[in-house]
Every structure is written in structure tokens, then in C-alpha cells.
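The structure appears right after this line, and notes come after that.
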Amino acid sequence: MTATKPNGTYTNGHTRSPIQASNLFFTPLPPTHVVPPGKESHGRYMLTIPWNRVSGWGQPKIGPRQDLTFDPLAGVLQYAVTCFEGMKCYKSDQGDLRLFRPKKNFDRLKRSAGRLGLPNEWDNDELLELFAKLMALEQPLVPSTDGSNLYIRPTLLETSEGFGIKEDAFAAEALLYVVTTLNLGLGLYPSSEGDKGIKLDACKEYIRAWPGGTGSYKLGANYGTVNISKKPGYAMSLWLHGKEDFISEAGAMNVFIIKEAPDGYLEFITMPLSNGIVLPGITRESIIELLQDHASGKQAFPLEGVPQKIRVVERDLSMPEIIKGLEDGTMKGMFGCGTGVVVVTVGEIQYQSQTYKIPSNPIIKVLRDTMTGIQRGKIDEGRSWSFKVPEWNPQGKDGEEEEHVTAA
């Protein structure tokens with residue numbers, strides 16, 4: 001057998017099989033299909049693509065949503081060797097389907113996979129074509145009302161035995177699968193006029209991430225282990241780190257503070273990515289780009305309501321600084337952003353047994369309306385961020401079954 005390198009190439013120069021959308025094998029729902037009780041909000045289909053170290057990516061398949069089966073010693077079960085992405089599919093007023101910057105999610109999934117020793121090489125265009133076909137099949141399920149969506153969960157995990165000390169850290173077999181469900185984050189979605197915002201508990205008991213850890217990767221282990229920190233009556237935890245009580249994220253979303261600077265500029269302060277604690281959010285990146293282009297005069301903000309004298313600042317910011325800003329009036333608002341909530345106002349923080357009210361700011365609604373407008377194809381931001389899903393109406397089965405290959 002020819003030896004292989006971790007990056008997916010054979011030592012003789014040959015490469016493993018890539019993801020190829022043209023090899024898709026499609027199985028339609030049977031005429032007798034019945035949605036199982038309790039699964040009514042889930043998509044009917046799923047995409048699966050197996051991988052192993054011998055042959056690379058296997059045949060992509062789209063078929064009815066079903067359970068997965070793993071060896072009891074699979075890496076995903078023993079050591080949580082899994083990463084995922086959060087994406088959404090929107091329906092425009094014209095009835096077409098939209099994805100928001102999907103290749104950004106694919107790149108972030110590659111980065112997370114590399115951190116775990118999972119396969120992290122594929123052509124984003126090929127994967128996007130497969131995603132688009134899955135979305136097209138679920139077109140009847142995608143809601144069209146503002147704030148509604150079909151949530152997409154691409155997941156990559158180790159299916160080979162991951163028990164005990166291995167020769168190296170790289171998986172022998174893995175599976176990439178994609179399932180969908182309706183309206184994740186809908187309850188937290190609005191930042192409407194008069195909205196008081198969500199309540200956060202500044203958590204010191206549990207630590208979500210630390211320098212040099214995995215906080216900047218979207219790994220399954222980052223989320224399940226911290227859910228226990230959420231206190232009743234609060235939407236989510238505001239994560240703190242360091243003896244200074246620097247804030248990082250809130251729940252699973254990035255955070256921005258709106259603060260008036262001494263020179264009169266309105267600063268949008270968010271935590272830096274440099275220390276590896278904060279996830280590089282795609283909504284975060286998009287908001288920063290829109291604000292910076294507006295501030296520089298390169299391109300006006302898509303909707304009115306954002307002043308010209310603004311700046312984006314990426315730096316550490318502590319709870320004591322937030323409290324000081326509330327006391328001297330320079331604190332002008334706070335919001336979270338991410339795939340689930342898009343943009344949501346933060347109205348209250350509990351910290352060291354004290355409750356701090358955060359002032360509301362109408363700019364937050366402008367940000368929210370801008371992002372949702374772009375996502376649903378109402379606003380053209382001039383950057384091609386909204387991907388229109390092509391129609392696909394398959395007849396019967398596409399492709400041919402491939403021979404199963406077992407990794408050595």
C-alpha cells in the first residue's frame with residue numbers, strides 16, 4: 001500500500017478522490033413516506049459524504065433523513081472528534097432560495113476540521129452545488145416570513161475507531177453530513193423598536209475558552225460542555241476570561257459594544273481574534289466590513305441611520321470598563337450577532353450579583369434590518385453575499401452506487 005501524508009496526498013504524488021457533485025446519488029422519498037412524530041420541523045432529506053485515508057472522499061448521497069450508525073469506539077463517541085457549521089436558507093419575496101456567504105462557512109469548517117485531524121480539503125464550488133441541490137429539495141419547507149428560515153447543520157466527524165493512543169492524530173474514516181431544521185434562533189431574532197433586549201449572565205464559574213485552546217474553532221466539545229452554565233431567566237451566559245474579567249462571547253454569538261469615544265466618534269468595539277478565544281463569526285465579519293466601508297467613505301451603509309463618524313475597534317474590553325461606561329454615559333448600546341440570532345439587542349447583564357441595564361440604540365435595528373435584508377435578497381450590498389439557489393427537480397435516481405472502501 002502506498003503511504004500517505006496527513007494533507008491528503010500520496011507520497012508518489014497522486015491525490016485522493018475529491019468531493020465531486022457530478023457523482024451525486026439521489027434517492028427520493030418513497031410514496032409511503034410519513035414524518036415521524038416529533039420530527040415535523042426537520043428537513044426530509046440529508047446529504048452524506050464519507051471519507052477515508054485510502055481513497056479520499058466517497059460518493060455524495062442525498063436521500064431521506066435517517067439515523068446514523070457508528071462503531072462504539074468511533075472517535076466521535078469516545079473523544080468528541082466532531083466539528084460543525086451553522087447556516088441558514090432564506091426565501092425571498094419572489095420565492096427563490098438564498099444562502100448567505102456559504103463559502104465562508106465552508107472555509108471555517110475546513111479550519112475546524114484541521115484542528116481535529118479530520119479531512120479538510122475540498123473544492124467549495126463542488127460542495128456548494130451539493131448544498132444547493134439539498135436546499136432545492138427542501139424548497140417547500142422554507143418559510144418566507146421575515147425572521148423565519150431553514151437552518152442548516154453541516155457536521156463532520158470521525159467514524160473510525162478513535163480509542164486509545166493512535167499512531168498519529170489523523171482520522172482513518174470520517175463522515176460529512178448535512179441536515180436541516182426550521183427556525184433555529186427565531187425566538188431571539190427581533191431587535192425591534194421598543195425591544196428591551198435579551199438578558200445575559202456574566203459567568204465566572206465556567207470558562208468557555210482560553211488562549212491557545214479551541215475557542216476559535218466550531219467544535220462540538222466547545223458547546224455541550226458549557227450549556228450547564230445557563231441560568232434560569234437569562235437568554236445565555238456572557239463568557240468572561242482573565243483576572244480583568246474580559247468579555248468574549250455571549251452563548252454562541254459574537255458581541256459588540258457601542259461606546260462614545262473622547263473625540264466624539266461612535267465606536268463599535270468587539271473582541272479581537274488574535275488570542276484564539278473568539279470564534280471568527282461570519283455575521284461579525286460582515287458587519288465589520290459594512291461599518292468600515294461606511295466610515296471610510298468607500299461605500300455607504302446599505303440602510304440609513306448609521307452616522308458617518310464611527311470606527312470599528314477590535315480590542316479586549318472588561319466588565320469593569322462596561323460598568324464605568326454605564327456610569328459616565330459613554331456606553332451607548334450592546335448587541336450580539338451570529339447565524340442563529342443574526343443581530344439582537346442586549347438589554348441587561350447580571351455581574352457579581354448586580355444587575356446592569358444597557359441602553360438601547362436604534363442603530364442596532366438598522367444593523368439587523370440590513371443583515372436580514374441582504375440574507376433574503378431584499379438588499380444588494382454590491383458584494384455578492386447572497387447566493388441564489390438554482391432550481392433542481394430530479395427524476396428518480398441520479399448516479400450509480402460505488403463500491404465501499406475500508407480504510408487501512
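Note that the coordinates shown come from a computational prediction; the quantities given were computed from them, not determined experimentally.
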List the atom of [X], the atom of [Y], and the distance in Å for their closest heavy-atom pair.
{"X": "Gly340", "Y": "Lys88", "answer": "O-NZ, 2.8 Å"}
{"X": "Pro280", "Y": "Ser216", "answer": "CD-O, 3.2 Å"}
{"X": "Cys83", "Y": "Leu109", "answer": "SG-CD1, 3.9 Å"}
{"X": "Tyr79", "Y": "Phe163", "answer": "CE1-CA, 3.9 Å"}

> Is any side-chain heavy atom of Arg153 less than 4.5 Å from a side-chain heavy atom of Thr180?
Replying inline: no
>> For a 4.5 angstrom cut-off between non-hydrogen side-chain atoms, does Asp201 reach Leu238?
In response: no
If the threshold is 4.0 Å, N to carboxylate O, is there a salt bridge linking [X] and [Y]?
{"X": "Lys110", "Y": "Glu121", "answer": "no"}
{"X": "Arg208", "Y": "Glu249", "answer": "yes"}
{"X": "Lys309", "Y": "Asp263", "answer": "no"}
{"X": "Arg111", "Y": "Asp107", "answer": "no"}
{"X": "Lys196", "Y": "Glu348", "answer": "no"}

Would you tell me whether [X] and [Y] have side-chain atoms, one donor and one acceptor, within less than 3.5 Å of each other?
{"X": "Thr283", "Y": "Ser286", "answer": "no"}
{"X": "Ser237", "Y": "Ser229", "answer": "yes"}
{"X": "Glu173", "Y": "Asn52", "answer": "no"}
{"X": "Thr372", "Y": "Asp369", "answer": "no"}

> Mind checking whether Phe256 and Phe335 have parallel, tilted or perpendicular rings, split at 30° and 60°?
Replying inline: parallel
> In terms of the angle between their ring planes, are Tyr356 and Tyr351 parallel, tilted or perpendicular, with boundaries placed at 30° and 60°?
Replying inline: tilted
> Can you check side chain to side chain contact (heavy atoms under 4.5 Å, CB included) on Leu176 and Thr155, steps first, answer last?
Replying inline: CA-CA 6 Å; Leu176 172 61; Thr155 305; 6.0 Å; no
>> Show, in sequence, the C-alpha distance, side-chain angles and deciding distance for Asp245 and Lys204, and conclude whether the side chain to side chain contact (heavy atoms under 4.5 Å, CB included) test is met.
In response: CA-CA 8 Å; Asp245 283 349; Lys204 291 178 64 68; 2.8 Å; yes
> Short question: side chain of Glu381, backbone of Arg383 - any donor-acceptor pair under 3.5 Å?
Replying inline: yes
> What distance do Gln375 atom CD and Ser92 atom OG have between them, rounded to the nearest 0.5 Å?
Replying inline: 13.5 Å
